[in-house]
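FYI, side chains are in, hydrogens and waters are out, and symmetry mates aren't considered; it's all heavy atoms of this structure. The chain is numbered in sequence order, starting from 1.
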Amino acid sequence: MLRTLNNHRSFRKYEQRPVEADKLRLIIEAAQSAPSWVNGQQVTVIAVQNEQRKQQLSVLSGNQKHVADAPVFLVFCMDFYRTKLAAELEGQPFESSGDVDALLVGAVDVGIALESAVAAAESLGLGIIPIGGIRRNTAGVIELLQLPEYVFPVVGLCVGYPGEELPKKPRLPLEAVYHEECYNPDLRGSIQEYNKAYREYHKDLGLTERDWSATIAHFYAMNPQYGDAGRTLPQQGFTCDNLQK
């Protein structure tokens with residue numbers, strides 16, 4: 001399993017070969033088995049294999065062709081709809097959706113479930129790539145997948161048999177992400193070191209050489225507000241109206 005985790009690749013090309021139903025079930029079971037806050041299991045996964053619906057999701061995700069090309073596209077949602085139903089069954093009020101902590105809980109639980117699904121898929125010989133672009137047009141995704149109140153799409157996942165060979169993408173030096181006892185903010189040297197490896201990686205792929213720092217800085221400069229979540233979160237019941245100021 002450690003070899004699988006440390007050998008991760010993100011694939012954008014897939015064989016036109018279906019993912020077996022038993023393998024898909026194993027992936028979903030792995031995601032469901034992941035830990036969650038207070039065992040609330042605040043995650044729902046929607047598997048999309050219909051070609052027309054995948055195409056629509058591809059467009060909603062920023063015209064990412066691999067979303068349509070992947071045999072299976074999984075949409076990971078934070079889900080407090082079941083929590084609301086549990087509250088109704090017990091005659092209890094459900095007010096947590098107004099707390100910003102609900103967003104943290106939902107996002108963290110989705111992230112943990114996503115990684116479990118990724119590890120399961122890769123251990124089965126499948127390729128994947130997470131799709132954050134699902135948040136570009138969450139209103140469209142909510143309508144397309146008929147998501148009820150208190151359910152929100154956080155991330156997608158392409159799943160299929162890899163249709164290409166890829167080298168492993170380098171990561172930041174360990175000292176840039178691992179700290180002992182307290183945070184060490186002296187990271188400029190680590191970033192500059194990583195820029196060299198990042199440029200070499202692009203060179204080996206025959207791509208335009210660029211620094212990681214330039215890529216990330218440009219993205220966050222051009223995308224100060226990514227997608228429409230600021231509007232759709234309240235519409236789905238996540239108001240954060242008790243946020244302390």
Practice task
State, yes or no, whether a side-chain contact exists between Cys77 and Phe152 at a heavy-atom distance under 4.5 Å.
Solution key: no
Exercise for the section: Kindly say whether Glu20 contributes a backbone atom to a donor-acceptor pair with the side chain of Arg25 at under 3.5 angstrom? Expected result: no
Handout entry: Verify same cluster id: Phe80, Val108 (apolar side-chain graph, 4.5 Å)
Key = no
Exercise for the section: Measure the spacing between CG of Leu145 and CG of Leu60 and express it to the nearest 0.5 Å. Expected result: 9.0 Å
Practice task
Take Asp211 and Arg199, measure what side chain to side chain contact (heavy atoms under 4.5 Å, CB included) needs, and give me the verdict at the end.
Solution key: CA-CA 6 Å; Asp211 288 344; Arg199 292 180 66 88; 2.8 Å; yes
Problem - Lys65 NZ to Arg12 CZ distance, which is reported to the nearest 0.5 Å - result: 13.0 Å
Practice task
Would you name the heavy atoms of Gln236 and Val151 that are closest together and state the gap between them?
Solution key: NE2-O, 2.8 Å
Exercise for the section: Could you tell me the separation between the CD1 atom of Ile128 and the CG atom of Leu114, rounded to the nearest 0.5 Å? Expected result: 7.5 Å
Exercise for the section: Determine whether His66 and Ile131 make a side-chain contact, defined as any pair of heavy atoms from C-beta on separated by less than 4.5 Å. Expected result: yes
Handout entry: Side-chain touch Val43/Val154, heavy atoms, less than 4.5 angstrom
Key = no
Exercise for the section: Please check if Val110 and Ile28 belong to a single hydrophobic cluster, counting links between Ile, Leu, Val, Met, Phe, Trp and Tyr side chain heavy atoms closer than 4.5 Å. Expected result: yes
Exercise for the section: Please work out which of the three classes, parallel, tilted or perpendicular, describes the rings of Tyr194 and Tyr198, given edges at 30° and 60°. Expected result: tilted
Handout entry: Contact summary for Ala31 and Ser116, nearest pair of heavy atoms
Key = CA-CB, 4.1 Å
Exercise for the section: For Phe11, check ring-ring contact (aromatic ring centres under 6.0 Å, His included) against everything at least two apart and list the hits. Expected result: none
Exercise for the section: With rounding to the nearest 0.5 Å, note down the distance linking OG1 in Thr138 to CG in Leu144. Expected result: 12.5 Å
Problem - His202 side-chain N/O to Leu207 backbone N/O, donor-acceptor pair under 3.5 Å - result: no
Handout entry: Trace of the side chain to side chain contact (heavy atoms under 4.5 Å, CB included) decision for Tyr14 with Cys158
Key = CA-CA 9 Å; Tyr14 300 93; Cys158 295; 3.3 Å; yes
Problem - N-O pairing of Lys84 and Glu88 below 4.0 Å - result: yes
Practice task
Could you walk me through whether Ile46 and Leu147 pass the side chain to side chain contact (heavy atoms under 4.5 Å, CB included) test, one step at a time?
Solution key: CA-CA 10 Å; Ile46 300 175; Leu147 303 183; 3.5 Å; yes
Problem - Rounded distance (nearest 0.5 Å) linking atom CD1 of Ile129 with atom NZ of Lys13 - result: 12.5 Å
Handout entry: Main-chain N/O of Trp212 paired with Asn195 side-chain donor or acceptor, under 3.5 Å
Key = yes
Practice task
Spell out, yes or no, whether Val155 and Leu104 are grouped together once hydrophobic residues are joined by side-chain heavy atoms under 4.5 Å, including indirect joins.
Solution key: no
Practice task
Taking Lys168 for its side chain and Asn6 for its backbone only, find out whether a donor-acceptor pair lies under 3.5 Å.
Solution key: yes
Exercise for the section: Treat each ILVMFWY residue as a node, draw an edge where side-chain heavy atoms are under 4.5 Å apart, and state whether Ile134 and Leu103 are in one component. Expected result: yes
Practice task
Decide yes or no on side chain to side chain contact (heavy atoms under 4.5 Å, CB included) for Asp99 and Val105, but give the supporting numbers first.
Solution key: CA-CA 10 Å; Asp99 187 355; Val105 166; over 6 Å; no
Problem - Check: Leu126 and Ile27 side chains under 4.5 Å, non-hydrogen atoms - result: yes
Practice task
Look at atom CD of Glu143 and say whether more than 12 heavy atoms of other residues, nucleotides or ligands are closer to it than 6.0 Å.
Solution key: no
Practice task
Taking the side chain as every heavy atom from C-beta outward, state whether Arg210 and His218 have any atom pair closer than 4.5 Å.
Solution key: no
Problem - Flag, side chain of Ser58 to backbone of Lys54, donor-acceptor distance under 3.5 Å - result: no
Problem - Straight-line distance of Gln92 CD to Thr83 OG1, nearest 0.5 Å - result: 13.5 Å
Fill in the blank from the handout: Closest non-hydrogen contact found for Ala117 with Phe76 is CB-CZ, 3.7 Å
Handout entry: Flag side-chain contact, heavy atom, 4.5 Å: Glu209 against Lys203
Key = yes
Practice task
Return yes if some donor-acceptor pair links the side-chain N/O of Gln49 with the main-chain N/O of Val72 below 3.5 Å, else return no.
Solution key: no
Handout entry: Sub-4.5 Å side-chain heavy-atom contact between Glu175 and Asn184
Key = no
Problem - Nearest heavy-atom neighbours spanning Pro71 and Arg17 - result: CG-O, 3.3 Å
Practice task
Would you confirm whether Arg9, through its side chain, and Pro162, through its main-chain N or O, come within 3.5 Å as a donor-acceptor pair?
Solution key: no
Exercise for the section: May I ask you to decide if the ring planes of Phe238 and Tyr150 are parallel, tilted or perpendicular, using 30° and 60° as cut-offs? Expected result: perpendicular
Practice task
Search all heavy atoms of Thr239 against all heavy atoms of Gly98 and return the closest pair with its distance.
Solution key: OG1-CA, 3.5 Å
Exercise for the section: Search all heavy atoms of His8 against all heavy atoms of Ser10 and return the closest pair with its distance. Expected result: NE2-OG, 3.1 Å
Handout entry: Ile112 vs Ser36 side-chain heavy atoms within contact, under 4.5 Å
Key = no
Problem - Cluster overlap Leu166 with Tyr201, hydrophobic side-chain contacts below 4.5 Å - result: no
